[in-house]
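Along the sequence shown, residues are numbered consecutively beginning with 1. The structure displayed is predicted, hence computed values, not measured ones.
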Amino acid sequence: MTAPILRSLAELRTKTNEWHRNGETIGVVPTMGALHEGHLSLAQAAKEGCDRVIVTIFVNPKQFNNPEDLANYPRTEHEDAKKLAPYGVDAIYVPDPHEVYPDGFSTTVSVAGLTDMMEGPFRPGHFEGVATVVAKLFLQTQADRAYFGEKDYQQLLVVRRMARDLNIPIEVIGCSTVREPSGLAMSSRNLLLSPEGLRVAERMNNVMRHVADGLATGKDFAPLAQEAKENLLQAGFSEIEYIDLRCAETLENLSKASKPARLFVTAWAGGVRLIDNIPVNPV
Ligand code: AMP
């Protein structure tokens with residue numbers, strides 16, 4: 001059975017108040033829709049960890065720094081509801097835009113430090129948009145736990161810090177990235193790739209694994225990053241925005257895998273911006 005789609009905060013609160021009155025825990029999975037197996041894995045983790053699960057679908061205009069990207073973002077609400085049906089989700093919250101940003105909305109949530117690097121400078125205003133909408137969704141759903149993908153690792157850390165700093169009583173849980181058999185991280189943006197673009201995109205994970213293997217033998221990151229850049233260009237990527245090795249907790253730059261780390265790559269294939277990251281164990 002498909003879960004009920006709720007479009008107003010009043011409808012949502014009727015449910016969440018009842019659940020909390022009954023002593024049930026609530027998990028929330030914030031998404032922008034166009035659901036794939038990555039999103040569904042979060043719904044499954046939420047179902048395993050909580051009595052009730054709310055999946056939210058909201059294409060948040062405030063986190064798009066590029067109007068074309070916002071206009072092209074895939075919207076597939078009907079299919080999304082069908083895909084969620086087997087997961088026993090209790091409600092799908094698809095808020096009307098005025099429920100999120102009523103007239104005169106004037107508040108921005110901004111997380112310093114963690115947003116100064118990687119996606120931050122490349123997407124001005126993006127993390128303010130994310131932190132603002134996620135703070136609202138946390139407060140609107142009154143959830144006890146929230147499930148986010150490590151696919152957007154920097155976002156996961158930003159959201160966790162925001163909830164902690166603002167004393168929002170929610171546990172932010174990170175879940176592993178779900179990949180295609182080729183290793184390509186699942187993403188709603190993959191739908192925008194042409195067959196040729198997809199062929200290029202599928203090479204990214206191999207290049208990243210090669211860097212991780214080198215780091216595992218104790219090699220320095222700088223020459224491995226240079227080699228990876230050349231390999232990505234050779235594979236057909238048109239632009240590489242960054243290849244970074246960073247501490248998994250603080251996101252400080254590392255020159256070697258000296259502590260638990262993540263390798264981050266952002267590059268363009270076939271006119272689509274792809275981001276990915278993998279864990280790197282310390283040697
Ligand atoms: P989005 O709809 O792209 O905003 O993503 C909603 C949530 O799904 C975020 O927490 C993402 O990190 C997560 N997500 C997106 N792709 C994947 C994936 N391939 N595996 C796991 N989680 C993902």
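Rounding to the nearest 0.5 Å places OH of Y73 at 3.5 Å from CE of M32. With rounding to the nearest 0.5 angstrom, the OG1 atom of T16 is 9.5 Å from the CZ atom of R21. To the nearest 0.5 angstrom, L114 atom CG is 12.0 Å from M162 atom CE. Rounding to the nearest 0.5 Å places CD1 of I278 at 11.0 Å from CE of M204. Atom OH of residue Y87 and atom NE2 of residue H39 lie 12.5 Å apart, to the nearest 0.5 angstrom. In this structure, CD on E119 lies 3.0 Å from OH on Y242, to the nearest 0.5 angstrom.
Side-chain contact between Q142 and H20 is present, with heavy atoms from C-beta onward closer than 4.5 Å. For the pair R179/N205, a side-chain contact is recorded, criterion being any heavy-atom separation below 4.5 Å from C-beta on. In this structure, I243 and V211 have side chains that are not in contact, with every pair of non-hydrogen atoms separated by 4.5 Å or more. Between R273 and R123, the closest side-chain pair of non-hydrogen atoms falls below 4.5 Å. Inter-residue side-chain proximity for Q154 and M117 is flagged as met; some heavy-atom pair is nearer than 4.5 Å. A 4.5 Å side-chain heavy-atom check between D69 and R189 finds at least one atom pair inside the cut-off. For the pair V265 and I275, the minimum side-chain heavy-atom distance is 4.5 Å or more. Proximity of V28 to L137: side-chain heavy atoms (C-beta onward) are nowhere separated by under 4.5 Å.
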Practice item. Might you work through the side chain to side chain contact (heavy atoms under 4.5 Å, CB included) test for L12 and T141, ending with a clear yes or no? Key: CA-CA 7 Å; L12 177 70; T141 58; 4.0 Å; yes
Review point. Step by step, would you call T31 with V55 a side chain to side chain contact (heavy atoms under 4.5 Å, CB included)?
Key: CA-CA 7 Å; T31 80; V55 172; 4.1 Å; yes
Exercise for review: Begin from the C-alpha positions of F221 and L254 and carry the test side chain to side chain contact (heavy atoms under 4.5 Å, CB included) through to its verdict.
Suggested key: CA-CA 8 Å; F221 176 58; L254 298 178; over 6 Å; no
Review point. Between L157 and F148, is a side chain to side chain contact (heavy atoms under 4.5 Å, CB included) present by the stated rule, with each step listed?
Key: CA-CA 10 Å; L157 296 194; F148 284 83; over 6 Å; no
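In the displayed structure, E79 atom CD is contacted under 6.0 Å by more than 12 heavy atoms of other residues, nucleotides or ligands. Within 6.0 Å of the NZ atom in K229, the count of heavy atoms belonging to other residues, nucleotides or ligands does not exceed 12. By the 6.0 Å contact criterion, CD on E249 is open, its count of non-hydrogen atoms from other residues, nucleotides or ligands being 12 or less.
Scanning both residues, L233 and S238, for their nearest heavy atoms gives CD2-O, 4.2 Å. The heavy-atom pair separating T177 from A185 by the smallest distance is CG2-CB, 3.8 Å. When all heavy atoms are compared, the tightest approach of V200 to F237 is O-CE1, 3.4 Å. L156 and G149 get closest at one heavy-atom pair: CB-O, 4.3 Å. Residue A143 comes nearest to G27 through the heavy atom pair CB-C, 4.3 Å, listed as atom of the first residue, atom of the second, then distance. Y147 and C175 get closest at one heavy-atom pair: CD2-SG, 4.1 Å.
Ionic pairing of E252 and K259 is present here: one or more N-O contacts between side-chain nitrogen and carboxylate oxygen are shorter than 4.0 angstrom. For R75 and D80, the salt-bridge test fails: no basic side-chain N is under 4.0 Å from an acidic carboxylate O. Between K136 and E99, none of the side-chain N atoms (NZ, or NE/NH1/NH2) sits under 4.0 Å from a carboxylate O, so this pair counts as no salt bridge. Between D244 and R262 there is no salt bridge, since no side-chain N of the basic residue sits under 4.0 Å from a carboxylate O of the acidic one. Under 4.0 Å is where a charged nitrogen must lie from a carboxylate oxygen, and between K83 and E77 no such pair does. Taking a cutoff of 4.0 Å between a charged side-chain nitrogen and a carboxylate oxygen, R52 and D90 qualify as a salt bridge. Residues E196 and R199 are paired through a salt bridge, judged by an N-O separation under 4.0 Å between the basic side chain and the carboxylate.
Hydrophobic clustering, with ILVMFWY side chains joined whenever heavy atoms are under 4.5 angstrom apart, keeps L84 apart from F58. In this structure, F127 is a member of the same hydrophobic cluster as I168, with clusters built from ILVMFWY side-chain heavy atoms closer than 4.5 Å. Tracing side-chain contacts under 4.5 Å through hydrophobic residues (I, L, V, M, F, W, Y), one never reaches V94 starting from I54; they form parts of separate clusters. Residues L6 and V133 share a single hydrophobic cluster, defined by chaining ILVMFWY side chains whose heavy atoms lie under 4.5 Å apart. Linking Ile, Leu, Val, Met, Phe, Trp and Tyr residues whenever their side-chain heavy atoms come within less than 4.5 Å leaves I5 and V100 in two separate clusters.
Remark: the backbone N or O of E68 is paired with a side-chain donor or acceptor of N66 at under 3.5 angstrom. A donor-acceptor pair under 3.5 Å is absent between the side-chain atoms of T2 and the main chain of K82, judged by distance alone. Panel note: side chain N277, backbone E150; a donor-acceptor pair is recorded below 3.5 Å. The closest donor-acceptor contact from the side chain of S106 to the backbone of G104 lies under 3.5 Å. Listed for the K256 side chain is a donor-acceptor partner under 3.5 Å among the backbone atoms of G218. With hydrogens and angles ignored, the 3.5 Å screen pairs a side-chain donor or acceptor of S41 with a backbone N or O of G38.
The side-chain contact (heavy atoms from CB on, under 4.5 Å) test with E128 singles out one residue from V158, T108, T115, and that residue is T108.
Side-chain atoms of E227 and H210 include a donor-acceptor pair closer than 3.5 Å. With 3.5 Å as the limit, one finds no donor-acceptor pair spanning the side chains of N190 and H36. With no hydrogens or angles considered, a side-chain donor-acceptor pair links N60 and Q63 at under 3.5 Å. Looking only at atom types and distance, the side chain of T25 has a donor-acceptor partner in the side chain of D51 under 3.5 Å away. No side-chain N or O of E230 forms a donor-acceptor pair with one of Q234 less than 3.5 Å apart. Counting only N and O atoms by type, the side chains of S8 and E11 include a donor and acceptor under 3.5 Å apart. Y153 and D276 share no donor-acceptor pair across their side chains, judged by distance under 3.5 Å alone.
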